[in-house]
Every structure is written in structure tokens, then in C-alpha cells.
Engineer: 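Take a look at this one; I'll ask things after.
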There are 2 protein chains.
Amino acid sequence: MQITRAGEYGIMGLIHLARRAPGQVAMIEEVSHSEHIPKSFLAKIFQHLVKVGLVRSVRGAGGGFVLARDPTQITVLEIIEAIEGKIVFQRCLQDEPECEHFGGCALCGLFEQAQDGMREVFMRTTLKDLIERQDRMEAKGPTSSPITNVATLPEAAK
Amino acid sequence: MQITRAGEYGIMGLIHLARRAPGQVAMIEEVSHSEHIPKSFLAKIFQHLVKVGLVRSVRGAGGGFVLARDPTQITVLEIIEAIEGKIVFQRCLQDEPECEHFGGCALCGLFEQAQDGMREVFMRTTLKDLIERQDRMEAKGPTSSPITNVATLPEAAK
DNA sequence: TATACTGAAGACGAAATTTGTCCGATTGCC
DNA sequence: GGCAATCGGACAAATTTCGTCTTCAGTATA
């Protein structure tokens with residue numbers, strides 16, 4: 001019950017891209033080094049993002065990756081699902097037409113509800129939002145309590 | 001990014017207990033067989049539930065397990081967290097005081113938000129709710145579409 | 001054209017987690 | 001005491017995660 005590192009790395013990589021001037025490419029090497037992500041692993045993750053159309057790749061010397069859309073138009077949900085596949089709590093929600101839940105599908109209904117709640121959060125958060133949040137936190141001072149009361153109240157933060 | 005089978009089995013096991021007359025014990029053997037859950041696995045899962053105080057165990061001949069509280073007083077969240085541990089998307093939300101997220105903890109904030117959304121759903125759903133939902137579905141006929149529009153509207157259901 | 005530099009794609013493998021199984025110890029009823 | 005049940009931990013198979021490596025393909029530059 002965790003977001004995998006792949007998903008986490010993907011988000012961090014895209015944040016890195018989004019922070020550059022629009023249209024400016026960044027090499028895997030650069031992103032990997034600056035974000036402390038294993039290079040080969042990041043390369044593979046970016047391939048998913050290219051395939052889904054979130055970033056464009058430029059091959060050859062002087063190549064690299066660029067964000068394909070504006071950071072305000074990329075949601076965290078897109079990123080995560082591009083990398084980890086569709087967020088799904090239970091097998092029977094997956095695709096099989098017939099549910100194998102012996103307890104009846106009350107469970108499926110519940111799980112669906114829960115996962116929708118989660119997806120909703122990721123869907124309404126864009127890359128741009130993340131960057132702004134990051135900047136705001138940095139401004140407040142890095143030595144303050146790192147976790148508490150950061151963003152439990154979405155409305156207030158916005 | 002899935003609820004594990006252990007968690008699923010745990011919920012189904014408790015539903016089984018809850019359906020019995022209050023105070024009546026059920027053996028692992030019975031629950032396991034009726035819910036199609038591997039016996040040894042279920043036994044281990046129930047141990048967690050005993051430790052947390054959701055069920056009481058009766059040892060010796062004629063023993064088994066009983067629900068320790070009323071089904072209206074047991075939330076799905078308690079069950080899941082008893083078995084899988086606290087629901088936590090990211091390492092830095094876990095317990096370590098210092099966050100290791102190089103991207104700044106904007107990510108942690110977001111993940112916390114998402115996981116809270118999910119926990120909220122599980123927290124407001126009790127064993128009793130699940131059973132009622134199950135009964136309602138059974139009444140409507142087992143051959144109908146298994147997934148759709150079951151419980152996406154919590155208020156309406158209640 | 002040759003070469004150096006970049007990503008693309010997939011095979012491979014180590015490590016961690018999930019999903020169980022097994023067996024002896026313990027506890028309590030008869 | 002004997003039987004019936006859980007307790008608790010060691011063990012193991014399967015799956016997933018995490019990451020590396022190698023080979024190939026495309027592009028810019030000399």
C-alpha cells in the first residue's frame with residue numbers, strides 16, 4: 001500500500017523538467033544526478049512518460065527530454081498512472097468481467113470508493129501546484145518541522 | 001498500490017463472524033472453508049485482529065473466535081491497519097523525523113492528503129455497513145452487473 | 001561520411017514483499 | 001490426562017519492486 005519509488009522518481013523528474021525554461025531540454029544524466037535518482041532506472045521511467053505523451057524526447061547529441069505540455073496541464077494522476085498503471089485496489093475492479101469475490105462485491109464497492117477518493121486528490125493537483133508548494137515551503141525555512149500541518153487542508157493552502 | 005489479500009481476507013473473516021449470533025464462536029476451520037481462505041493463513045491474520053482487540057479468541061476444545069465489539073463499532077480502517085500496518089504512502093510520512101525527499105516535502109504533503117482521503121472512506125465504513133451493502137446486493141440478484149454504481153454515493157446509501 | 005552523443009527497448013538479476021505452509025508449544029474444556 | 005483448539009515463529013514459494021546492462025536507433029557536428 002505505497003506509491004512505488006518509480007512513481008515518486010517520475011514526479012520528481014517531471015518537476016525538474018518543469019523548472020527549466022519552456023522548451024529547454026534536460027538530459028537524463030542531469031536530472032538523475034540532481035535529483036539523486038539512479039540513471040538507468042530514471043531512463044526507463046521516462047520512457048513510460050514519453051509513450052503517454054507527457055514528455056517529448058530528443059535523441060542524438062544535444063538531446064534530452066522536454067515537457068510536452070504546460071505544467072498547469074499535467075496532473076499528478078497522469079504521471080502516476082503512466083508509470084504504475086491504473087490505480088486499482090482490487091483485482092475484481094481491474095478488468096475481468098466477473099468478480100471473484102466470495103463475500104459478494106460489497107468489498108469492491110468500498111474499495112472503489114476509497115480509490116476514487118485518492119485519485120481525486122491526484123487528479124486535481126498539477127505539476128505547477130507541486131512546484132508552488134515546494135517554493136512556498138522552501139521560503140518558510142528548511143529547518144522547520146518537516147512534516148506537520150503542511151497540506152492537510154487543501155482549501156486553506158490554495 | 002493494492003490492498004493485500006491478507007487485508008481482504010481479514011475483512012471477509014470478520015464479516016463472517018459478524019453474521020453469527022452475538023457471542024457465538026466460530027472456528028478457523030469453518031470461516032476458512034466457507035470464505036475460501038487458506039486455513040493457516042487466516043489463522044495468522046486473526047492473530048493480528050486478536051492482538052488489536054477486534055476479536056477475542058477462545059482456546060481449548062469448543063473454542064474459536066468471537067467479535068469483541070458490535071459490528072457497528074468496528075471500522076474497516078481498524079481492520080486493515082491491524083493487518084497491514086498503518087496506511088502510509090511514503091517513507092517520510094512513516095516515523096523518521098527527518099524527511100529524505102530531495103524534491104522538498106511537497107510530495108509528502110500531497111501523499112498525505114491522498115492517503116487521508118482514502119483512510120476517511122475506510123474510517124466511516126463499519127462492518128455493519130458492509131454486511132448491509134452485501135445483503136442489498138444479494139437481494140437485487142447476483143447476475144446483474146457486478147461492479148457498477150454500487151456505492152459511489154455514500155450518503156445515498158446510508 | 002565518421003564519430004560521438006543521446007535516448008529506446010528489452011533481457012537480466014538482486015532484493016524485498018506477499019502469500020502462504022508447517023510444526024511444536026500452549027491453553028483450556030471434558 | 002487427553003483432546004481440541006489457538007499461538008507463535010520458522011520456513012518457503014511466488015510475485016513485485018528496484019535497478020543494471022547491453023544492444024540498437026536517431027541526430028548533430030567535424
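In what follows, chains carry the letters A, B, and so on, assigned in the order in which the sequence lines appear, proteins first and then strands, with residues in each chain numbered from 1.
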Engineer: Do you know which two heavy atoms are closest between B/Phe65 and B/Val50, and how far apart they sit?
Structural biologist: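 Taking B/Phe65 first and B/Val50 second, the nearest heavy atoms are CE2-CG2, 3.7 Å.
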Engineer: Let me see the working for A/Glu30 and A/Arg20 under salt bridge (charged side-chain N to carboxylate O under 4.0 Å, His left out), right down to the final yes or no.
Structural biologist: CA-CA 12 Å; A/Glu30 172 197 325; A/Arg20 305 186 69 93; 2.2 Å; yes
Engineer: Relative to the 5' end of DNA chain C, which residue comes earlier, A/Lys51 or B/Ile3, by the nucleotide with the nearest heavy atom?
Structural biologist: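 Between the two, 5'-proximity favours A/Lys51.
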Engineer: Can a side chain N or O of A/Tyr9 be found less than 4.0 Å away from OP1 or OP2 on D/dG19?
Structural biologist: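 A/Tyr9 to D/dG19 OP1/OP2: side-chain N or O found under 4.0 Å.
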Engineer: Applying a 4.0 Å non-hydrogen cut-off, can you work out what B/Thr4 is touching in the nucleic acid: base, sugar-phosphate, or nothing?
Structural biologist: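 Sugar-phosphate contact only.
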Engineer: Under the 3.5 angstrom rule, does the side chain of B/Glu81 hit a backbone N or O of B/Ile87 as a donor-acceptor pair?
Structural biologist: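 Such a contact is found between B/Glu81 side chain and B/Ile87 backbone.
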Engineer: Would you say the side-chain atoms of A/Glu35 pair up with the backbone N or O of A/Gly13, donor to acceptor, closer than 3.5 Å?
Structural biologist: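 Looks like no, no N/O pair under 3.5 Å.
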Engineer: Within this structure, what is the CG-to-P distance between A/Leu42 and D/dT20, rounded to whole angstrom?
Structural biologist: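 Roughly 11 Å, once rounded to whole Å.
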Engineer: Do the side chain of A/Glu78 and the main chain of A/Thr75 share a donor and acceptor less than 3.5 angstrom apart?
Structural biologist: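 Present.
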Engineer: With the side chain counted from C-beta on, respond yes when A/Lys51 and A/Gln47 share a heavy-atom pair under 4.5 Å apart, and no when they do not.
Structural biologist: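 With C-beta onward as the side chain, the pair stays apart.
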Engineer: If you look at every heavy atom in B/Ala26 and B/Val31, which pair is closest and at what distance?
Structural biologist: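 That would be CB-CG2, 4.1 Å.
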Engineer: Given atom CD of A/Glu8 and atom P of D/dC18, what is their separation to the nearest angstrom?
Structural biologist: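 Distance check: A/Glu8 CD to D/dC18 P gives 9 Å.
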Engineer: What is the minimum heavy-atom distance between B/Thr126 and B/Thr72, and which atoms define it?
Structural biologist: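 Of all heavy-atom pairs spanning B/Thr126 and B/Thr72, the closest is CG2-O, 3.4 Å.
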Engineer: Select base, sugar-phosphate, or nothing to describe what B/Ala6 touches, counting heavy atoms under 4.0 Å on all strands.
Structural biologist: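 Here B/Ala6 touches the backbone only, sparing every base.
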Engineer: For the side chain to side chain contact (heavy atoms under 4.5 Å, CB included) test, which of A/Ile79, A/Thr125, A/Leu130 pairs with A/Ile74?
Structural biologist: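 The passing option is A/Ile79.
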Engineer: Taking all non-hydrogen atoms of both residues into account, name the closest pair between B/Val52 and B/Ala82 and its distance.
Structural biologist: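 It is CG2-CB, 3.7 Å.
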Engineer: Rounded off to whole Å, could you give me the CZ-to-C1' distance for the B/Arg56 and D/dC7 pair?
Structural biologist: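 Spelled out: CZ on B/Arg56 to C1' on D/dC7 is 17 Å.
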Engineer: Counting C-beta onward and ignoring hydrogens, is there a side-chain heavy-atom pair between B/Phe111 and A/Ile11 closer than 4.5 Å?
Structural biologist: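 Side-chain contact under 4.5 Å: yes.
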Engineer: Strictly under 3.5 Å: I want the nitrogen or oxygen pairs between protein and nucleotides 10-16 of chain D, one per line.
Structural biologist:
from, atom 1, to, atom 2, distance (Å)
D/dA10, N6, B/Lys44, NZ, 2.5

Engineer: Given atom NE2 of B/His48 and atom C1' of D/dG8, what is their separation to the nearest angstrom?
Structural biologist: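 Computing the B/His48:NE2 to D/dG8:C1' distance gives 11 Å.
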Engineer: How would you give the extent of chain B contacts on DNA chain C, as first and last nucleotide 5' to 3' within a 4.0 Å heavy-atom cut-off?
Structural biologist: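 Listed 5' to 3', the contact boundaries are C/dT19 to C/dC29.
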Engineer: Check nucleotides 1-5 of chain D for protein N or O atoms closer than 3.5 Å to its own N or O atoms and list the pairs.
Structural biologist:
from, atom 1, to, atom 2, distance (Å)
D/dA5, O4', B/Gly60, O, 3.4

Engineer: When all nucleic acid strands are considered with a 4.0 Å heavy-atom cut-off, which category describes A/Ser57: base, sugar-phosphate, or nothing?
Structural biologist: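 A/Ser57: backbone/sugar contact only, no base atoms under 4.0 Å.
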Engineer: Considering heavy-atom distances to DNA chain C, does B/Phe41 or A/Lys39 have its closest nucleotide positioned more toward the 5' end?
Structural biologist: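 Residue closer to the 5' terminus by nearest nucleotide: A/Lys39.
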